Amino acid sequence: MKKIIQKTFCLLAIALFLTCATNIFVKQQAITNAAEFDIYSLFPDNHIEFYEKFIAKESVVSHLSERRLARQSEQYNISTVKLKKIIIVQHALGSQGTSYSIDELIAMNPATIIKLVLNYIDNLKKTLSPEDFKIIETEYAKLTKKQN
């Protein structure tokens, strides 16, 4: 049973951060210019709210004013949507003791981001209670039904 829970959570968490990881490679091949590939485009917008509510259990980006997000987006020359997703990744990694600046996460190659997120998932899996897992599993199932 423990192995089933671990496998299920791993799949859930991977989907949470990288929605259909296999699409990464398909999208990379479809993009002729590698510079155009954006790992953050694979994170659905509604996963931000899901992360805040069920993983972080606190506001990470939703409390930030549109004005502040616009200023920061302009500073980094990225969209506000991408900025929010980067802040979520920054928060997730920071919650486990690894600190990356927004500049570092913007410049990081997709494979490194995937590796960091998978390490985050492994650490989260080790600390998550069965009750919390069940809540996340249930709510994630609802989220994916809405997407389809």
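In this chain, residues are counted from 1 in sequence order. It should be emphasised that the depicted structure is a prediction, and the values quoted were computed from it without experimental measurement.
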- Item | Flag if over 12 foreign heavy atoms under 6.0 Å of CD, Q75 | yes
- What heavy-atom pair brings E52 and V60 nearest, and what distance separates the two atoms? OE2-N, 2.7 Å
- Item | Hydrophobic cluster membership, L143 vs I48, 4.5 Å side-chain cutoff | yes
- Task: Could you tell me whether D38 and K85 make a salt bridge, using a distance below 4.0 angstrom between a side-chain N and a carboxylate O?
- Result: no
- Please name the pair of heavy atoms, one in Q90 and one in Y100, separated by the smallest distance, quoted to 0.1 Å. NE2-O, 2.8 Å
- Query: Can you find a heavy atom in the side chain of K57 that is under 4.5 Å from one in the side chain of D132?
  - Reply: yes
- Message: If I take atom OG from residue S95 and atom CD from residue E58, how far apart are they, to the nearest 0.5 angstrom?
- Response: 9.0 Å
- Task: Look at the aromatic rings of Y120 and Y51 and report parallel, tilted or perpendicular, splitting at 30° and 60°.
- Result: tilted
- Message: Return the CG to CG distance between L105 and L93, rounded to the nearest 0.5 Å.
- Response: 6.5 Å
- Query: Are side-chain heavy atoms of I87 and L64 found at a separation under 4.5 Å?
  - Reply: yes
- If you round to the nearest 0.5 Å, how far is CG of L116 from OG1 of T98? 6.5 Å
- Given the rule in the side chain to side chain contact (heavy atoms under 4.5 Å, CB included) test, do I106 and N77 qualify, once you have shown the distances and angles that lead to the verdict? CA-CA 10 Å; I106 289 170; N77 196 28; over 6 Å; no
- Item | is_close_aromatic(H47, Y140), centroid dist under 6.0 Å | yes
- Message: With rounding to the nearest 0.5 angstrom, report the CZ to OH distance, R71 to Y76.
- Response: 12.0 Å
- Query: Going through the checks in order, is the side chain to side chain contact (heavy atoms under 4.5 Å, CB included) test met by V89 and Y40?
  - Reply: CA-CA 9 Å; V89 170; Y40 296 100; 3.8 Å; yes
- Message: Within the supplied structure, the quantity of interest is the number of heavy atoms (other residues, nucleotides, ligands) at a distance under 6.0 Å from K53 NZ; does it exceed 12?
- Response: no
- Message: Do Q72 and I102 make a side-chain contact, defined as non-hydrogen atoms from C-beta onward lying under 4.5 Å apart?
- Response: yes
- Task: Calculate, to the nearest 0.5 Å, the distance between atoms CG and CG belonging to L69 and L83 respectively.
- Result: 5.5 Å
- Note on the structure: Only residue of N123, N119, T127 satisfying side-chain hydrogen bond (donor to acceptor under 3.5 Å, both in side chains) with Q96 is N123
- Please confirm whether the backbone N or O of K134 pairs with a side-chain atom of T138, one donor and one acceptor, at under 3.5 Å? yes
- Task: Considering only NZ, NE, NH1 and NH2 on the basic side and carboxylate oxygens on the acidic side, decide whether K142 and E139 come within less than 4.0 Å.
- Result: yes
- Taking 4.0 angstrom as the limit, do D45 and K84 come out as a salt bridge? no
- So how far is it from L42 CG to I113 CD1, rounded to the nearest 0.5 Å? 10.5 Å
